[in-house]
Amino acid sequence: MLDAKTLRNDPQAVAEALEARGYTLDVDAYEGLEARRRELQSQTESLQQKRNESAKAIGKAKQAGEDIQPLLDAVATLGDELKAAETELSDIQQQLQDLYLELPNLAHPSVPAGMDENDNLEVRRWGEPRAFDFKPRDHVDLGEALGGLDFAAGAKLSGSRFVVMQDQVARLHRALAQFMLDTHTREHGYRETYVPYLVDETALLGTGQLPKFAEDLFAIANFDRNLHLIPTAEVPLTNLAADAILEADQLPLGFVSHSPCFRSEAGSYGRDTRGMIRQHQFDKVELVQLTRPDDSYDALERLTGHAEVILQRLELPYRVVTLCTGDMGFAAAKTYDIEVWLPGQSAYREISSCSNTEAFQARRMQARWRNPETGKPELLHTLNGSALAVGRCLVAVLENYQQADGRIDIPAVLQPYMGGTEWIAP
RNA sequence: GGAGAGGUGGCAGAGUGGUCGAAUGCGGCGGACUUGAAAUCCGUUGAGCCCCUCGGGGCUCCGGGGGUUCGAAUCCCUCCCUCUCCGCCA
């Protein structure tokens with residue numbers, strides 16, 4: 001959510017900034033609502049003041065044993081007037097709130113302007129894609145040959161975009177998650193956290209999935225609360241700070257969570273239908289940081305670095321791109337995507353997305369810290385990043401470490417997690 | 001799933017219709033005393049929002065929502081959460 005004061009003070013400037021993100025703000029409609037709100041709020045509050053004063057007067061008069069009937073007569077219509085004003089005010093406030101909740105975040109000045117992924121800016125590359133002396137196979141072929149990836153079984157149980165992993169591939173998947181968790185907790189200082197995989201609408205509103213992107217989520221039926229499966233652990237992790245006021249010396253605060261993620265993938269029919277690149281369910285190790293506002297951009301660099309370390313240790317080539325204004329997510333002020341090299345596709349594919357949302361989410365969920373300089377609670381900045389998507393990382397290991405005979409070498413850092421296994425073979 | 005108890009300020013805990021945003025204690029902050037600390041004493045200490053002639057003025061919040069009333073932390077309805085006992089269960 002954007003700062004109401006910023007919007008009030010210069011709606012035109014905000015509208016222009018939003019335009020860069022492909023969002024058109026109807027400034028006239030907004031200003032009309034805002035003017036009406038102002039008028040109604042003043043009116044309502046002065047009626048409330050009148051009510052409070054007369055109620056007190058009646059109380060005193062009654063205690064003094066005076067006749068209160070004249071006082072009661074004087075406020076006979078006040079209740080109805082007040083109720084009408086309050087109803088109208090809360091209606092207009094709801095309309096404003098609805099509008100605010102649909103506005104995307106403003107991009108940081110360092111974010112390149114652009115329409116879509118073609119306008120993203122490559123920041124750096126790490127590692128050299130391996131030269132194969134045979135035609136590299138993709139993870140589907142490799143995994144099925146290993147007997148460890150069973151897309152037919154996934155489809156039998158749950159339909160398309162589900163997979164069953166078994167044996168050494170399942171173990172490799174587990175090893176990846178373990179390795180990531182250990183690295184982030186032991187070396188990067190994140191607090192290991194397991195979270196609910198079902199969250200309520202307040203949490204989803206807080207991180208920005210709702211109200212706009214309900215169709216991307218799985219909702220739970222047959223339950224009297226409106227719970228949704230998490231699309232990312234970012235939702236429960238970030239919402240840990242909701243309604244909290246943290247002390248300055250607690251910051252920055254970092255959480256890491258290994259969790260499944262559930263996405264309906266509405267609107268991506270026909271995209272990445274082969275393999276486990278785009279599944280309805282996948283595992284992810286997620287990092288979330290809560291920082292002081294003046295530290296959040298340094299924190300974004302650090303957090304992105306933490307994700308990169310995983311790929312470096314796995315010796316998987318990747319590149320980092322800055323998303324342009326048009327390609328960023330709703331809540332982000334700045335996002336780095338990390339793309340890993342997939343020989344099966346001869347392409348870099350997203351394996352991590354690291355974002356600074358500044359105060360956008362914090363404002364929605366009232367996540368604050370006490371600034372020692374002012375003594376007042378102020379909004380935190382929140383950041384999140386995958387480090388990494390475990391499923392896609394498995395894909396990358398299979399494809400990058402494949403040998404001509406279908407054997408997969410196990411990256412050195414994972415071997416301890418695989419009981420010393422150096423390679424797996426069909 | 002059954003029975004009961006309860007949700008109040010950072011914490012503990014009073015408050016069952018009127019000047020209560022709310023006693024008291026602890027904690028925090030400032031000060032006095034002290035060489036320093038402890039103890040003691042004094043003061044202070046919630047959050048959000050609106051208006052403003054920048055002096056200030058006002059509104060809202062006692063788990064959430066709704067209702068009764070001139071007036072609700074207090075009464076009624078409803079939902080959520082916590083605790084205790086029983087049942088069930090990983």
Side-chain angles (χ1 to χ4, degrees), chain A residues 1-9 30-101 194-206 210 220 222-228 236 239-251 253 260 359 361-380:
Chain A
M1 200 155 67
L2 302 179
D3 181 20
K5 287 197 182 82
T6 308
L7 192 51
R8 260 178 231 149
N9 289 342
Y30 161 74
E31 286 187 317
L33 271 178
E34 177 54 26
R36 187 86 186 106
R37 189 228 93 225
R38 187 179 304 232
E39 184 189 335
L40 274 169
Q41 185 160 345
S42 293
Q43 186 193 335
T44 305
E45 288 185 359
S46 75
L47 286 171
Q48 287 171 327
Q49 181 181 4
K50 206 164 150 192
R51 175 204 61 196
N52 292 346
E53 284 168 354
S54 56
K56 268 180 193 172
I58 291 168
K60 276 187 196 168
K62 202 173 175 185
Q63 219 152 26
E66 296 165 13
D67 180 15
I68 61 168
Q69 194 53 47
L71 291 169
L72 290 180
D73 292 343
V75 294
T77 60
L78 185 61
D80 289 341
E81 281 175 57
L82 180 56
K83 185 161 288 182
E86 282 176 339
T87 305
E88 209 179 337
L89 175 63
S90 78
D91 179 63
I92 210 103
Q93 279 175 329
Q94 189 58 54
Q95 288 182 47
L96 271 169
Q97 180 72 358
D98 291 348
L99 186 148
Y100 273 105
L101 288 173
Y194 276 89
V195 292
Y197 305 144
L198 295 170
V199 293
D200 65 23
E201 292 183 326
T202 306
L204 291 157
L205 219 53
L210 290 181
I220 300 303
N222 288 332
F223 198 59
D224 56 5
R225 275 179 282 158
N226 285 320
L227 297 183
H228 293 73
N239 275 285
L240 286 174
D243 297 316
I245 302 176
L246 304 176
E247 295 304 324
D249 60 13
Q250 295 178 269
L251 303 176
L253 209 53
Q361 294 178 326
R363 188 172 290 111
R364 288 173 162 246
M365 65 178 74
Q366 284 301 300
R368 294 172 293 172
W369 68 300
R370 193 172 296 278
N371 184 344
E373 284 169 30
T374 62
K376 291 288 174 193
E378 297 173 12
L379 293 171
L380 290 164

When rounded to the nearest Å, what value does the distance between [atom1] atoms of [N] and [M] take?
N      : M      : atom1 : result
B/rA72 : B/rG63 : P     : 15 Å
B/rU35 : B/rA47 : C1'   : 43 Å
B/rG4  : B/rU8  : P     : 22 Å
B/rG10 : B/rA23 : P     : 14 Å

(message) Tell me if B/rG30 is syn or anti. Syn = glycosidic torsion within 90° of 0, anti otherwise.
(response)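 B/rG30: anti.
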(message) Are the side chains of A/N239 and A/Q361 in contact, using a 4.5 Å heavy-atom criterion?
(response)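 No; the side chains remain at least 4.5 Å from each other.
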Rounded to the nearest angstrom, tell me the gap between atom [atom1] in [X] and atom [atom2] in [N].
X      : N      : atom1 : atom2 : value
A/L82  : B/rU69 : CG    : P     : 14 Å
A/R370 : B/rG9  : CZ    : C1'   : 12 Å
A/L71  : B/rG18 : CG    : C1'   : 13 Å
A/R368 : B/rA47 : CZ    : P     : 8 Å
A/E86  : B/rG67 : CD    : C1'   : 13 Å
A/E201 : B/rC80 : CD    : P     : 14 Å
A/E247 : B/rC11 : CD    : P     : 12 Å
A/L78  : B/rC59 : CG    : C1'   : 14 Å

(request) For A/D80, check side-chain hydrogen bond (donor to acceptor under 3.5 Å, both in side chains) against everything at least two apart and list the hits. (result)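 Scan of A/D80 (side-chain hydrogen bond (donor to acceptor under 3.5 Å, both in side chains), adjacent residues dropped) gives none.
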(request) Starting from the 5' end of RNA chain B, give me the residue, A/P377 or A/E34, whose nearest nucleotide shows up first. (result)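 First, find each residue's nearest nucleotide; the 5'-ward one identifies A/P377.
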(request) Flag the pair A/E34 and A/R37 as a salt bridge only when some basic side-chain nitrogen lies within less than 4.0 angstrom of an acidic carboxylate oxygen. (result)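 Here A/E34 pairs with A/R37 in a salt bridge, since their nearest N and O are under 4.0 Å apart.
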Can you tell me which nucleotide in [options] comes closest to the side chain of [X]?
X     : options                : value
A/Q41 : B/rC50, B/rC70, B/rA47 : B/rC50
A/E45 : B/rG58, B/rU68, B/rA47 : B/rG58
A/I58 : B/rC50, B/rA47, B/rG18 : B/rG18
A/K62 : B/rG18, B/rC51, B/rG48 : B/rG18

(message) Tell me whether A/E373 at atom CD has more than 12 heavy atoms from other residues, nucleotides or ligands lying less than 6.0 Å away.
(response)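 No, because the 6.0 Å sphere around CD of A/E373 holds 12 heavy atoms or fewer from other groups.
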(request) Check whether any side-chain N or O of A/N371 sits under 3.5 Å from a backbone N or O of A/E378 as a donor-acceptor pair, and report yes or no. (result)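 Checking the backbone N and O of A/E378 against the side chain of A/N371, no donor-acceptor pair under 3.5 Å is found.
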(message) Is it true that A/Q41 and A/E45 share a donor-acceptor pair across their side chains at a distance under 3.5 Å?
(response)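 Looking only at side-chain atoms, A/Q41 and A/E45 do form a donor-acceptor pair, the distance falling under 3.5 Å.
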(message) Suppose we screen for salt bridge (Lys or Arg N to Asp or Glu O under 4.0 Å). Which residues come up paired with A/R36, at least two apart in sequence or across chains?
(response)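 A/R36 satisfies salt bridge (Lys or Arg N to Asp or Glu O under 4.0 Å) with A/E39, A/E88 once adjacent residues are dropped.
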(request) Please list, by residue number, the residues of residues 46-56 of chain A whose heavy atoms come closer than 4.0 Å to an atom of RNA chain B; answer none if no residue qualifies. (result)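 Close to the strand are A/Q48, A/Q49, A/R51, A/N52, A/A55.
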